[in-house]
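Notes follow once the structure below has been shown.
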Amino acid sequence: MHKKLFIPGPIEVSPEILNAMATPMIGHRMPEYAALHKGVTDKLKRLMFTEERVFLATSSAFGAMEGAVRNLVGKRCANFCNGAFSDKWHNVTLACGKEADAFKVAWGEPITPELVDSALATGKYDAITLIHNETSTGVMSPLPEIAQVLKKYPDVVSIIDTVSSMSALKIPVAELGIDCCVFGVQKAFALPPGLAVFTASERALERAKGVPGRGYYFDFLEFAAADEKDNTPSTPCISLIYALELQLERIFAEGLEQRWQRHAGMAQFMRSWVLEHGFGLLAAEPYRSVTLTCATNDRGANLAQLKKSLAERGYAFDDGYGKLKGKTFRVAHMGDMKLDDLKGITAEMAEILKDL
Ligand SMILES: *Cc1c(COP(=O)(O)O)cnc(C)c1O
């Protein structure tokens, strides 16, 4: 039996999307691929409100996240850490041989503009990494306010992970001045995993030119050169790019405003449900994620049993990430999910919880 995915990644994939992946193969140096590539990158630019370069990388998100630090950190990187993925990004930065410092706040807390300002005021850094929506904790950091701070530091290149937020709310990449916005497609886009998207501003490409050791697979300059011909440096995951093309068409058919509202509505529903059923919310207002809810186990429910019972009823449920396992649970509400899907799983949860 297929368990319907309510875990925060990968997200349940619609049958139409799976079908698009069965499109007959084309060669990536054929004109058909260039047309596909151009159509997809143009739509991504529209979605992200940017005219700057958008690249497609065949990897999970961390491939492009590693590529970004390899290409864009010259002097020293400030990694802002407030959960599992941002903590790991610091380790990845060090593993790439870069000088870097981690600015850590407790899991469940956001990264604040004040923290970013105080780090950058030292003058030690020429790049930062930040995760907009920490999927491990369900915390969304205040990107517009942070972006305001970044404008004070024109020599600092900003690398922002929007893996579990891009498309669920408005993230105007150019207006915010994000130099490199990175995401994988298996979360907010609800595609199968294996494709990462990243943007590169002029400032980012200029930086990359002076940074040695960019490697080959994620060399931003290789991506920029290939992009001139609507192409990728090496063979891309063409089937996933077909799926992305269809998903972008579906996103624009729904309408961006409607899509953002659908996510806000689902988040509102899930937060209320959690509080009404004796659980708490890990994140405080206004830092609660719109794409997943991370609940604290205030009523001391047996979450392992809840997960098991839900599995028997056909639902994949997450009982906490890393050190939060058993202490929290997370329910995703992103991608193609609708309010009715949440009503479905929460009805089952309420019934199971009566006996837990
Ligand atoms: C899932 C996730 C990642 C890691 O993505 P992979 O595709 O597994 O490399 C990174 N950042 C965030 C915010 C995520 O949610």
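Since the structure is predicted, the reported quantities are computational estimates derived from the model, not experimental observations.
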What pairs meet the ring-ring contact (aromatic ring centres under 6.0 Å, His included) rule with one or both residues in residues 291-315, with sequence neighbours excluded?
Phe6-Tyr315
Can you establish whether the number of heavy atoms outside Lys3 located under 6.0 Å from its atom NZ is more than 12?
no
Write out all pairs satisfying ring-ring contact (aromatic ring centres under 6.0 Å, His included) with one or both partners inside residues 118-152, taking only residues at least two apart or from two chains.
Phe103-Tyr125
Could you check whether Gln305 and Ser309, counting side-chain N and O atoms only, form a donor-acceptor pair closer than 3.5 Å?
yes
Between Phe85 and Tyr321, does the ring centroid distance fall short of 6.0 Å?
yes
Under the side chain to side chain donor-acceptor pair (under 3.5 Å) rule, collect the residues that match up with Arg214, sequence neighbours excluded.
Asp219
Decide whether Ser201 and Asp179 meet the rule of one side-chain donor and one side-chain acceptor closer than 3.5 Å.
yes
Regarding Gln268 and His333, is there a side-chain donor-to-acceptor distance under 3.5 Å anywhere?
no
Qualifying residues under side chain to side chain donor-acceptor pair (under 3.5 Å), relative to Asn19, sequence neighbours excluded:
none
For the pair Glu257 and Lys170, find out whether any cationic side-chain nitrogen is under 4.0 Å from an anionic carboxylate oxygen.
no
Could you give me the CA-CA distance, side-chain angles and deciding distance for Arg262 and Glu254, then say whether salt bridge (Lys or Arg N to Asp or Glu O under 4.0 Å) is met?
CA-CA 10 Å; Arg262 173 165 60 82; Glu254 180 182 10; 2.7 Å; yes
Do Arg207 and Asn71 meet the criterion of a side-chain donor-acceptor pair at a distance under 3.5 Å?
no
Look at the side chain of Trp89 and the backbone N and O of Asn79, then say whether any donor-acceptor pair between them is shorter than 3.5 Å.
no
For Gln247, enumerate each residue passing the side chain to side chain donor-acceptor pair (under 3.5 Å) test, keeping only those at least two apart in sequence or located in another chain.
Arg250, Asp336
Pair Phe183-Phe198, ring-ring contact (aromatic ring centres under 6.0 Å, His included): steps then yes or no:
CA-CA 6 Å; Phe183 63 87; Phe198 62 99; over 10 Å; no
Measuring only between side-chain heavy atoms, which start at C-beta, is Asp87 closer than 4.5 Å to Asn82?
no
Taking only Lys NZ, Arg NE, NH1 and NH2, and the carboxylate oxygens of Asp or Glu, determine whether Glu109 and Lys104 approach each other closer than 4.0 Å.
no
Please determine, by modelled atom types, if Thr199 and Arg53 share a side-chain donor-acceptor pair under 3.5 angstrom.
no
For atom NZ of Lys38, is the number of surrounding heavy atoms from other residues, nucleotides or ligands below 6.0 Å larger than 12?
no
Above 12 or not: heavy atoms from other molecules or residues under 6.0 Å from CZ of Arg46?
no
Over all heavy atoms of both residues, which pair between Pro110 and Val139 is shortest? Give the atoms and the distance, please.
CA-CG1, 3.6 Å
Given a cutoff of under 4.5 Å between side-chain heavy atoms of I, L, V, M, F, W and Y, with clusters grown through shared members, what are the other residues clustered with Val211?
none
